[in-house]
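All remarks here apply to the structure that follows.
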Amino acid sequence: MYKDTNCGEPRESAAGSQITVAGWVHRRRDHGNLIFIDLRDRSGLLQVVFNPKYSEKAHDLAGSLRSEWVVQVTGKVVTRLPGAENPDLPTGMVELSATDLVILNRSVTPPFEVSDEVEVDANTRLKYRFMDLRRPRMQEILKLRHEVIHIMWDYLTDKGFTQIETPILIKSTPEGARDYVVPSRVHPGNFYALPQSPQQLKQLLMVSGVERYFQIARCFRDEDLRTDRQPEHTQLDFEMSFVHQDDVMTIVEELYTRIVKETSPDTEISAPFPRLTYAESMERFGTDKPDLRFGMELTTITETAATSDAQVFQAMASSGGSIRGFSVPGCGDYGRRQTDNLTEFAKSSGAQGLVFIALDESAASIDALENDHIRSPLKKFLSVDVVKKIATEMGAEPGDLMLIVAGTEKLVNTVLSNLRNEMAKRLEMADPKQIAFAWVYDFPLFEWDEELKKYEPAHHVFSSPKAEHMDYLETNPGKVIGFLWDLVCNGSEMGSGSIRIHDKDLQTRLFNIIGYTEDQISDRFGQLLTAFTYGAPPHGGMGLGLDRLVAILAGEDAIREVIAFPKTQSAVDPLFEAPSPIEDQQLEDLHIRVVMPKS
RNA sequence: GGUCCCGUGGUGUAGCGGCCUAACACGCCUCCCUGUCAAGGAGGAGAUCGGCAGUUCGAAUCUGCUCGGGAUCGCCA
């Protein structure tokens with residue numbers, strides 16, 4: 001070993017001992033006859049002093065050191081002179097009085113400082129990711145991610161799960177997301193696809209009698225990127241036989257509670273996780289991934305609003321539309337600029353417009369509300385009584401701002417849930433220390449696709465319908481509820497699970513409802529259906545996004561921050577400059593001809 | 001594919017029609033310095049302002065296109 005001690009370790013108790021450390025020169029403070037080096041390794045910083053009194057040779061050599069050089073230092077741990085301690089450093093009571101210095105490697109001037117302080121341009125960070133990852137914050141995140149995975153392995157192993165790898169080269173399944181595809185050399189014109197998830201494979205493993213499988217699985221989707229979406233992401237993928245919905249949820253709940261407690265002890269987490277049905281979630285929050293860290297729940301006021309003289313409301317109510325809204329506490333004093341801005345925001349989410357009713361805080365109560373207390377673009381069509389009634393329904397108080405949207409139910413929900421999150425963000429209503437998990441269950445199995453004019457699976461085709469809804473499968477698919485659920489956290493989807501179908505005939509019925517032909521079914525799912533005829537046990541499981549979990553634990557918005565080598569928004573790796581053209585010979589071997597798009 | 005924001009020495013920013021021969025901080029280089037820890041002091045190097053085209057007497061600054069980054073809608077079973 002080049003070192004016997006890590007930089008971050010020495011304390012006062014080590015004073016007097018002879019140690020050897022190795023690491024990177026973090027900072028150099030050269031006083032001429034006395035040189036200080038902050039030496040950094042993964043464990044932290046240690047101040048090294050080069051004093052010619054103890055070693056002329058080491059001191060001379062130390063004068064040439066520069067940032068990020070790699071060195072090995074031997075010396076004696078000494079307590080610092082009184083008054084020279086650094087309370088900001090864990091090792092700040094001591095320093096290493098160097099007697100020997102070995103330069104293991106030099107560094108050219110780094111493109112940016114290895115420090116958490118500086119915010120460096122995203123592209124530069126990725127181009128020099130190996131430098132970026134040296135920053136303490138990034139090191140911390142890498143360790144956090146490892147720790148999360150470690151706990152998963154431990155916990156699931158304890159619970160009798162077996163980790164099994166599934167192929168990365170598998171078969172393309174054109175439904176769902178676009179596949180990443182790999183050409184076959186041996187079979188001209190044929191392609192593998194990278195898995196979007198190991199869904200069918202893990203179900204096959206259940207048929208194989210594994211009973212409890214898990215994998216930290218890489219999943220690939222060739223779709224546009226977002227803050228929380230990368231072309232490849234990692235899932236905790238697991239599957240269990242002979243279980244019901246609750247059994248699966250319990251496993252995840254225990255595991256995730258443990259992860260939060262062990263990795264982020266300061267965090268507030270409510271266990272057991274609140275459970276709400278899909279219908280309830282849509283009604284209260286307008287979304288299937290509600291952020292439960294704050295209130296501002298939605299209220300339906302269609303009937304009350306229709307009794308007003310406002311044309312918009314009357315027309316919407318009579319045409320079967322929905323009028324809903326919520327009350328924002330303390331924003332009754334919003335001026336024109338702010339309300340205009342909110343209207344614009346609502347429009348960007350697809351709303352025709354946004355109706356606000358501002359209640360002046362000088363009113364003693366909602367009952368005591370008078371005309372002068374009310375501000376609204378629809379004021380002349382809204383009687384004081386109607387406003388009182390709406391305010392009561394929404395639970396608004398004087399000084400609040402009520403935001404109301406009218407339209408189809410789907411649109412109203414989309415707009416309002418976006419608005420709700422936006423208001424919470426602007427008002428900083430979410431406690432950053434809180435991690436609010438929740439289960440949303442009883443999802444409908446199918447969603448009507450307006451463009452394709454057909455039913456599409458809400459999550460995927462393998463989820464089991466509830467027994468009491470079997471009869472609707474062909475007659476009214478939209479009504480069928482499945483054993484299908486999501487884990488949500490702080491307003492984002494963390495994973496999705498279901499009890500799967502394990503019966504060939506039932507699975508075939510579902511494929512039919514989605515409109516697959518016999519050929520498509522046997523081509524894409526033949527292996528699964530065949531397996532089902534050989535004694536498939538009832539089973540269910542989940543796929544849970546690891547990147548998003550780690551991001552939330554780390555307090556980051558972008559999963560890019562918790563992936564060692566992520567890609568930019570245009571799916572490029574600036575470090576390797578991937579993707580890139582390949583050699584003509586490679587193309588030839590693969591029987592591929594490139595046709596560039598006409599620009 | 002659409003919309004929005006950003007692009008100025010190595011890094012982070014300022015400048016937003018002429019005071020720009022581009023400013024500041026950090027970093028870098030040279031020298032001085034025995035108690036610093038974002039060390040200090042003196043001096044120095046480093047940028048055709050992402051690229052192209054245009055408007056203008058004059059463009060870092062305005063316009064268009066384009067490239068790159070980011071946010072978002074579509075997309076993401």
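Order of the sequence lines fixes the chain letters, A, B, ..., with proteins taken first and strands second; residue numbering starts at 1 for each chain.
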*What is the base-pairing partner of rG54(B), counting Watson-Crick and G-U wobble geometry with both distances under 3.5 Å?*
rC62(B)
_On the nucleotide rC73(B), are OP1 or OP2 found under 4.0 Å from the side-chain N or O atoms that Ser349(A) carries?_
no
*Test: Lys479(A) cationic atom under 6.0 Å from Tyr472(A) six-membered ring centre, within 45° of axis*: yes
*Check every strand shown and say whether Asp88(A) touches a base, only sugar-phosphate, or nothing at a heavy-atom separation below 4.0 Å.*
nothing
_Shortest side-chain distance from Gln47(A), nucleotide among rG35(B), rC76(B), rU34(B)_ = rG35(B)
_Could you identify the nucleotide paired to rC76(B), looking across every strand shown and requiring Watson-Crick or G-U wobble geometry with both distances under 3.5 Å?_
none
*Got a donor-acceptor contact below 3.5 angstrom from the Arg80(A) side chain to the Ala84(A) backbone?*
yes
_Given rA71(B), rG74(B), rU34(B), identify the nucleotide with an atom nearest to the side chain of Asn51(A)._
rU34(B)
*Kindly indicate whether a cation-pi arrangement holds for Arg221(A) with Tyr180(A), taking the cut-offs as under 6.0 Å to the six-membered ring centre and within 45° of the axis.*
no
_Whole angstroms only, please: what is the CD-P distance between Glu68(A) and rC28(B)?_
11 Å
*Between rC4(B) and Ser348(A), is there an OP1 or OP2 to side-chain N/O distance shorter than 4.0 Å?*
no
*asked:* At under 4.0 Å between heavy atoms, how does the protein contact nucleotides 7-12 of chain B? Give one character per nucleotide, 5' to 3', with B, S or -.
replied: ---SSS
*asked:* Can you see if the side chain of Arg29(A) gets near the phosphate of rA39(B) - specifically, an N or O under 4.0 Å from OP1 or OP2?
replied: yes
_Side chain of Arg560(A), heavy atoms from C-beta onward: which of rA71(B), rG1(B), rG69(B) has the nearest atom to it?_
rA71(B)
*Only one of Thr74(A), Leu39(A), Val78(A), Val21(A) passes side-chain contact (heavy atoms from CB on, under 4.5 Å) with Leu96(A); say which it is.*
Val21(A)
*Would you classify Asn123(A) as touching base, sugar-phosphate or nothing, given that sugar-phosphate means primed atoms plus P, OP1 and OP2, and contacts are heavy atoms under 4.0 Å?*
sugar-phosphate
*Determine the contact category for Ala177(A): base if any of its heavy atoms lies under 4.0 Å from a base atom, sugar-phosphate if only primed atoms, P, OP1 or OP2 are that close, otherwise nothing.*
sugar-phosphate
_Out of rC75(B), rG69(B), rC76(B), whichever nucleotide has its closest atom nearest the side chain of Asp224(A)_ = rC75(B)
*Tell me whether His31(A) is stacked on the nucleobase of rA39(B), counting only the six-membered base ring and applying the 5.5 Å and 30° thresholds.*
yes
*OP1 or OP2 of rG27(B) less than 4.0 angstrom from a side-chain nitrogen or oxygen of Thr109(A), does that happen here?*
no
*Does rC4(B) pair with anything, Watson-Crick or G-U wobble, both distances under 3.5 Å, and if so, with which nucleotide?*
rG70(B)
*Can you tell me the pairing partner of rG12(B) across any strand shown, Watson-Crick or G-U wobble, with both distances under 3.5 angstrom?*
rC24(B)
*What is the distance, rounded to the nearest whole Å, between atom NZ of Lys425(A) and atom C1' of rU72(B)?*
10 Å
_Per Arg80(A) side chain, nearest of listed nucleotides rU36(B), rU34(B), rA71(B)_ = rU36(B)
*With heavy atoms under 4.0 Å as the rule, sort Glu95(A) into base, sugar-phosphate or nothing.*
base
*Would you mind classifying the nucleic acid contact of Gln200(A) as base, sugar-phosphate or nothing, using non-hydrogen atoms under 4.0 angstrom?*
nothing
_Under-4.0 Å side-chain N/O to phosphate OP1/OP2 contact, Gln569(A) with rA71(B)_ = yes
*In Å, rounded to the nearest 0.5 Å, how long is the span from OG1 of Thr99(A) to CZ of Phe50(A)?*
9.5 Å
*Within the structure shown, what part of the strands sits under 4.0 Å from Thr173(A) by heavy-atom distance: base, sugar-phosphate, or nothing?*
nothing
*Describe the nucleic acid contact of Arg27(A) in one word from base, sugar-phosphate, nothing, applying a heavy-atom distance below 4.0 Å.*
sugar-phosphate
*Pairing partner of rA38(B) (Watson-Crick or G-U wobble, both distances under 3.5 Å)*: none
*From the options Arg500(A), Glu239(A), His539(A), select the one residue that forms a side-chain hydrogen bond (donor to acceptor under 3.5 Å, both in side chains) with Gln203(A).*
His539(A)
*Ignoring the backbone of Asp38(A), work out which of rC76(B), rG35(B), rC37(B) is nearest its side chain.*
rC37(B)
*Is there a donor-acceptor pair under 3.5 Å between the side chain of Arg548(A) and the backbone N or O of Met494(A)?*
no
*Where the side chain of Arg28(A) is concerned, which of rC75(B), rC33(B), rC29(B) is the nearest nucleotide?*
rC29(B)
*asked:* Regarding Gly176(A), tell me which of base, sugar-phosphate or nothing describes its non-hydrogen contacts under 4.0 Å with the strands shown.
replied: sugar-phosphate
_So, does Asn33(A) get its side chain near the phosphate of rU34(B), meaning an N or O under 4.0 Å from OP1 or OP2?_
yes
*asked:* Is it the case that the side chains of Thr91(A) and Glu9(A) hold a donor-acceptor pair, with the cut-off being a distance below 3.5 Å and no angle test?
replied: no
*Classify the nucleic acid contact of Arg66(A) as base, sugar-phosphate or nothing, counting any heavy atom under 4.0 Å across all strands shown.*
sugar-phosphate
_Complementary nucleotide for rA45(B) - Watson-Crick or wobble, under 3.5 Å_ = none
_Between Lys347(A) and Glu344(A), does any side-chain N to carboxylate O distance fall below 4.0 Å?_
no
*Return the 5'-most residue of the pair Ser570(A), Arg178(A) with respect to RNA chain B, ranking by each residue's nearest nucleotide.*
Ser570(A)
